[in-house]
Amino acid sequence: MTPPSLAIHSPDLFAKATSPPWKELLIEKQDRLWETVRNAGEQPRTHLSSRATYVVDDAIAWLAELPMNSLHAVVTDPPYGLIEYNRKHHDKLKSGRGGVWRIPPSFDGAKRRPLPRFTVLTSDEIVKLDRFFCDLGEALLRVLVPGGHLLIASNPLLSTLTFHALQRSGFEKRGEIIRLVQTLRGGDRPKGAEDEFPEVCMMARSCWEPWGIFRKPFAGTAAENLRLWGTGGLRRISAAEPFKDVISCSPTRGREREIAPHPSLKPQRFMRQVVRAALPLGVGIVYDPFAGSGSTLAAAAAIDYTAIGTDRDQGYHALARAAFGPLCALSVGEP
Ligand SMILES: C[S@@+](CC[C@H](N)C(=O)[O-])C[C@H]1O[C@@H](n2cnc3c(N)ncnc32)[C@H](O)[C@@H]1O
């Protein structure tokens, strides 16, 4: 299906947008785009609020329904192992049998949550992962406006592969955010020989999470692009303080996890900071292709942004419907 073209491309709007008051014009364009974007495609959806929508669909299939240049930023935590979230292994996880999901050792008697495995991939899996991120990159580039940012979660084992695939699809790499977070990944002694090798760990205990910062290329100056599309840069924390690329934020725990029991839930405290940075002027539409519990949508709503997400899992759609309000209302304290 060929997506409909939008009046946003008309020379008239271009002329107006390059002169003040550009901000009002950007808001007008955003509102018009939002009506198109939130209703795109035929798949079931929930309008969680007037400015947040969750669509049950495959990300790449849904992106094909959108007009070019209709989203302003993407913030997402993709399925890295690919097979963890396929139907067979995901059903095993839901039935409590784990499948490829790693159940961390219960060394202190406390029951631990299953984790994605993130272990060594076969060469066939590497090729599939590379293809997936190239396809995703190409699909996102078409719908992002020039200068639109993609902020994407990764892990130290796979970030080089996936970031390179995104660059090959046409994105510019603009840096990385390092989330300082101590997880249960790594640090284990050799399996089955723990007592024999008490001083060995097979991998470093992971204490950080990389997030790639990518941008769709644009022509002209940064100021022209900001006026015309509202994108190209990152939002400062304040006039005196730029956005910074190291953010300390512990794993999602307690009440937040009870509200949104998704196996890969990202914390609101962190998500609100990165979602905020993704729109330099605070105007535009943020998209999460792999919305899960809706944590990106809730973070966007909490800071008064407009956002849409897709996830192909009906169960997570139901979870997000219930979790959206309570996640938005969570107080996360100062960053
Ligand atoms: C790592 S999780 C994201 C969870 C999210 N960070 C949260 O806080 O809830 C990835 C999500 O992508 C979904 N998913 C996997 N493949 C997909 C696809 N092709 N299209 C849309 N969603 C997909 C899975 O169902 C899963 O919920």
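First listed ligand is number 1; within each ligand, the first listed atom is number 1. Here the structure is a predicted model, which is why all the values come from computation and not from measurement.
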Q: Any atoms of ligand 1 less than 4.0 Å from a non-hydrogen atom of P289? List them with their elements.
A: 21 (C), 22 (N)
Q. Do we see a donor-acceptor contact under 3.5 Å between the side chains of T310 and Y287?
A. yes
Q) Near P78, which atoms of ligand 1 are under 4.0 Å from a heavy atom of that residue? A) 1 (C)
Q) Can you list the other members of the hydrophobic cluster that holds I247, where links are side-chain heavy atoms under 4.5 angstrom apart? A) V75, L151, I177, W211, I213, L234, F243, F270, M271, V274, V275, L279, V286, I303, Y305
Q: Name the option, out of D77, D58, L327, D313, that contains the heavy atom nearest to atom 3 (C) of ligand 1.
A: D77
Q: Quick one: pull up NE2 in H262 and CG in D77 and give me the separation to the nearest 0.5 Å.
A: 8.0 Å
Q. Does A320 come within less than 4.0 angstrom of ligand 1, counting non-hydrogen atoms of the residue?
A. no
Q. Out of R312, H317, Q268, whose heavy atom is nearest to atom 16 (N) of ligand 1?
A. R312
Q) What atoms in ligand 1 come closer than 4.0 Å to a heavy atom of Y316? A) 25 (O), 27 (O)
Q) Between D57 and ligand 1, which part of the residue brings a heavy atom under 4.0 Å of the ligand: side chain, backbone, both or neither? A) backbone
Q: Specify whether F132 and F290 have parallel, tilted or perpendicular ring planes, treating 30° as the upper limit for parallel and 60° as the lower limit for perpendicular.
A: tilted
(Q) Taking a cutoff of less than 4.0 Å between a non-hydrogen atom of the residue and any ligand atom, is T76 in contact with ligand 1? (A) no
Q) Going only through I, L, V, M, F, W and Y residues with side-chain contacts under 4.5 Å, is there a path from V181 to I178? A) no
Q. What distance separates T306 OG1 from L297 CG, expressed to the nearest 0.5 Å?
A. 11.0 Å
Q | Nitrogen or oxygen atoms of G294 and ligand 1 under 3.5 Å apart | A | no
Q. So which of A61, A260, S264 gets nearest to atom 5 (C) of ligand 1, if we judge by its closest heavy atom?
A. S264
Q) With sequence neighbours left out, what residues match R189 under side-chain hydrogen bond (donor to acceptor under 3.5 Å, both in side chains)? A) none
